[in-house]
Each structure stands twice: as C-alpha cells, then as structure tokens.
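The structure under discussion appears below in the form of structure tokens.
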Amino acid sequence: MPRAILVVNGPNLNLLGIREVGIYGCDTLETAEKLCRDAAVKDGFTLDFKQSNSESELIEWIQEARDKYSAIVINAAAFSHTSIAILDALTLTKLPVFEVHVSNIFAREEFRNYSYISSIAKSVVCGCGIDGYVYAVQNAIKCILSAEKVV
Ligand code: DQA
C-alpha cells in the first residue's frame, strides 16, 4: 500500500481564517495543511493537500486517488450536504474515508446536520476547528497500519 494520504477540501475552505471567523475560527487552510503534513511525516507518510471550489475537480481528484493513496481525508464543505456524485466517487475508490468539518455541523442549521459522506466514512470529526484535520490524519494512519498487520 502506498504510504500516502490525500486530504481534499471543498468550496470556500480556501477562505478559512477570513470567512465567518465566529464559526470557523481564525486559522487558515495553509496552517491546517502544515499540521497535517507534520503529523503524516512523523509516521513516515507523505500527504497531498488540495482544495477546490469546483465539484467536478474534486471528483476528478478523488477518482485519480485510487492507486496513489491509502486513505482520503475529506472536508467536502457544503458539498457534504448535497453531493451524491462525491459520495459515488469516494465509494468507487474503495479507499478508507475520514470525514472532517471545522465547525460542529450538528449544532448549526438543520440542512447541515446530514452529510452523504458520513454514510461511508470510517470516522467523522467535527467541531474541533482545524485540529480536526490532524485527528483525522492520525486516525487514517492508525487504520492503515493496523490493516497492514492483518494482511
Ligand atoms: C464545513 C461545514 C459545512 O456545512 C459548510 O458548508 C462548510 C464548512 C465545516 O468545515 O465546518 O463550508 O464543512
């Protein structure tokens, strides 16, 4: 298995740190990327960290992840609540999926309470700010390493 993790971010997350700071906090996506990379490298993994505002670009990245990565960490942002296409793309990769949300989606508007991705995610972290990305990466590494032991 490639010791590589893909972190995918959906729309408007490029403006973390500027956008609705009362909900999402002051930390930027660049900081989240650095924390994730540090966590991965520490355990001998590489990590690619991507963001797009385009659903089709996200789907292409997810499809291409099939042979290149061992796990996908994803914050699909608003697409979490709407996109069966992203759910289908994640499913076809057969990779373990670890879902992240910066805010607590269950303490917000009702339309944010449901995520299509949660139905296939190994874990869902929400409400922990950008630390949630690190928790998801650490959990992904733990799952990959324990799957290697079973084989
Ligand atoms: C989000 C929560 C979503 O409801 C929202 O549309 C986002 C960000 C989060 O990280 O808390 O854009 O995924």
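Residues take their numbers from the sequence shown, with the count starting at 1. All values below were derived from every heavy atom in this structure, side-chain atoms included, with hydrogens, water molecules and symmetry-related copies excluded. For ligands, and for the atoms within them, numbers begin at 1 and follow the listed sequence. Just so it is clear, the model here is predicted, and its values are computed rather than measured.
- The residues Glu30 and Lys34 are annotated as not salt-bridged, no charged nitrogen and carboxylate oxygen being separated by less than 4.0 angstrom.
- Grouping Ile, Leu, Val, Met, Phe, Trp and Tyr by side-chain contacts under 4.5 Å, direct or through others, leaves Val21 on its own.
- A continuous path of ILVMFWY side-chain contacts below 4.5 Å connects Ile74 to Ile120, so both sit in one hydrophobic cluster.
- Applying the side chain to side chain contact (heavy atoms under 4.5 Å, CB included) criterion to Ser119, with sequence neighbours excluded, gives Leu87.
- Less than 6.0 angstrom separates the ring centroid of Tyr116 from the ring centroid of Tyr114.
- Apart from Ile18 itself, the hydrophobic cluster it occupies contains Leu15, where clustering links Ile, Leu, Val, Met, Phe, Trp and Tyr at side-chain heavy-atom distances under 4.5 Å.
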Show me a pair-per-line table, with atom names and distances to 0.1 Å, of protein N or O atoms that are under 3.5 Å from an N or O of ligand 1.
residue  : atom   : partner : partner atom : Å
ligand 1 : 4 (O)  : His81   : NE2          : 2.7
ligand 1 : 4 (O)  : Arg112  : NH1          : 2.9
ligand 1 : 6 (O)  : Ala78   : N            : 3.2
ligand 1 : 6 (O)  : Arg112  : NH1          : 3.0
ligand 1 : 10 (O) : Asn75   : ND2          : 2.9
ligand 1 : 10 (O) : Val102  : N            : 2.7
ligand 1 : 11 (O) : Val102  : N            : 3.2
ligand 1 : 11 (O) : Ser103  : N            : 2.8
ligand 1 : 11 (O) : Ser103  : OG           : 2.6
ligand 1 : 12 (O) : Arg19   : NH1          : 3.2
ligand 1 : 12 (O) : Arg19   : NH2          : 3.0
ligand 1 : 13 (O) : Asn75   : OD1          : 2.8
ligand 1 : 13 (O) : His101  : ND1          : 2.8

